[in-house]
Amino acid sequence: MEIFREIKPLRAFLREKNKAGFLIGFVPTMGALHLGHLSLIEASKKAGCFTVCSIFVNPAQFNNADDLKKYPRTIEEDVKLLKEVKCDVLFSPTAEEVYPHASNTQFDFGSLGTTMEGEFRPGHFSGVALVVSKLFHIVEPDHAFFGQKDWQQFTIINQLVKDLNFNIQLHPIPTLREPDGLAMSSRNQRLTEKQRGKAIVFYKSLLECQSRLSDGEKLDEITPSIKNKIEQDAELRLEYLQLANRENLSSLNSVEEPNRTVLCIAGFVGDVRLIDNILL
Ligand code: AMP
């Protein structure tokens, strides 16, 4: 695996690969890699792509300085895992390389960006769109792979690609879960063993909500009891439970059209914020 810390040599290297007829597949990450990330790399390899993974903890998408400081960083272990899955290139730039000067560009995705994560993490998606645009321009991939775990992020990047004419095919990849159902996440590494046991409550809540919705209950009838159950434990807090149209993310109270709906949840275990969703 080739490892690049700087843009210029990476670009020169990838342009040669492109000239030689390789399709470039791109998997942007913030590192602290787990099997979920590796499934994206594997999807890219399976699609026949020369695969580039980036690891960059993007300061522009953190609205909470403490969250940025505590975000897990495990680069040596990450390199080992990437070699194991035969990733072709790792790009792991410094913040100075990505942001050599202060950026003023802001992205506004309208209602896609103000709901759910956008409501609770103001500026988050503008920071995501900024770094993803930069990385798309640097890597110039043919294909890019994103996890369904961050459904709203996928929707927004899809919009970004269409709006800015990026010539990139996006691939949403299903969420990988631990055996008990907890969605794999770099942030799980921050949980104590006891907290790890409690974190499953969010996925269980999604399943309970799904079953009650299919029995005909409305989301606004279900949410208070789920919130109550979660928050019986002083260390747990529900931030939102939202049913939305998969494409435009408009809020729903019941599953009007099967296969076009997503049920999303966000909450805290201690000071660790977790998100998850299921497609209905
Ligand atoms: P992150 O490093 O958390 O920014 O995630 C990098 C990419 O991996 C994003 O496209 C995520 O949606 C995806 N991802 C994160 N967790 C999972 C998971 N459990 N299963 C599949 N993809 C994931």
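Atoms within a ligand are numbered from 1 in the order they appear, just like the ligands themselves.
Which of Ile173, Thr175, Leu40, Ile157 comes nearest to atom 22 (N) of ligand 1 through a heavy atom is settled by distance: it is Leu40.
Shown here is Lys229, whose NZ atom has no more than 12 heavy atoms of other residues, nucleotides or ligands within 6.0 Å.
Closest to atom 3 (O) of ligand 1, if we only count protein heavy atoms, is Tyr71 OH, 3.8 Å. Taking atom 9 (C) of ligand 1 as the reference point, the nearest protein heavy-atom neighbour is Gly147 N, 3.9 Å. Looking from atom 17 (C) of ligand 1 to the surrounding protein, the closest heavy atom is His34 CE1, 3.7 Å.
No side-chain N or O of Tyr71 forms a donor-acceptor pair with one of Asn58 less than 3.5 Å apart. In the model, Thr261 has no side-chain atom that pairs as donor or acceptor with a side-chain atom of Arg246 under 3.5 Å.
Between Leu176 and ligand 1, an N or O atom pair is found at a separation short of 3.5 Å. Every N/O-N/O distance between Gln148 and ligand 1 stays at or above 3.5 Å.
The distance from ligand 1 to the heavy atoms of Pro28 drops below 4.0 Å at these ligand atoms: 6 (C), 7 (C). Counting atoms of ligand 1 from 1 in the listed order, those under 4.0 Å from a heavy atom of Thr29 are 2 (O), 6 (C). In summary, the atoms of ligand 1 found under 4.0 Å from a heavy atom of Asp150, numbered by their order in the structure, are 11 (C), 12 (O). Less than 4.0 angstrom separates some heavy atom of Met184 from each of these atoms of ligand 1: 16 (N), 17 (C), 18 (C), 19 (N). Ligand-side atoms of ligand 1 in range of Met30: 1 (P), 2 (O), 4 (O), range being under 4.0 angstrom from any heavy atom. Numbered from 1 in the order shown, with element, the atoms of ligand 1 that lie under 4.0 Å from a heavy atom of Phe146 read 10 (O).
In this structure, CD1 in Ile265 is found 6.5 Å from CZ in Phe202, a value given to the nearest 0.5 Å.
When non-hydrogen atoms are compared, ligand 1 lies under 4.0 Å from the side chain of Lys149 (C-beta onward) but not from its backbone. Contacts between Pro174 and ligand 1, counted as non-hydrogen atom pairs separated by less than 4.0 Å, involve the backbone only. Contacts with ligand 1 closer than 4.0 Å are made by no heavy atom of Val27, backbone or side chain. Under 4.0 angstrom from ligand 1, the non-hydrogen atoms of His37 all belong to its side chain.
The aromatic ring centroids of Phe125 and Phe109 lie 6.0 Å or more from each other.
Ring geometry for Phe136 against Phe166 counts as perpendicular: the plane angle is over 60°, on a 0 to 90° scale with 30° as the lower cut.
Remark: the backbone N or O of Ser54 is paired with a side-chain donor or acceptor of Thr29 at under 3.5 angstrom.
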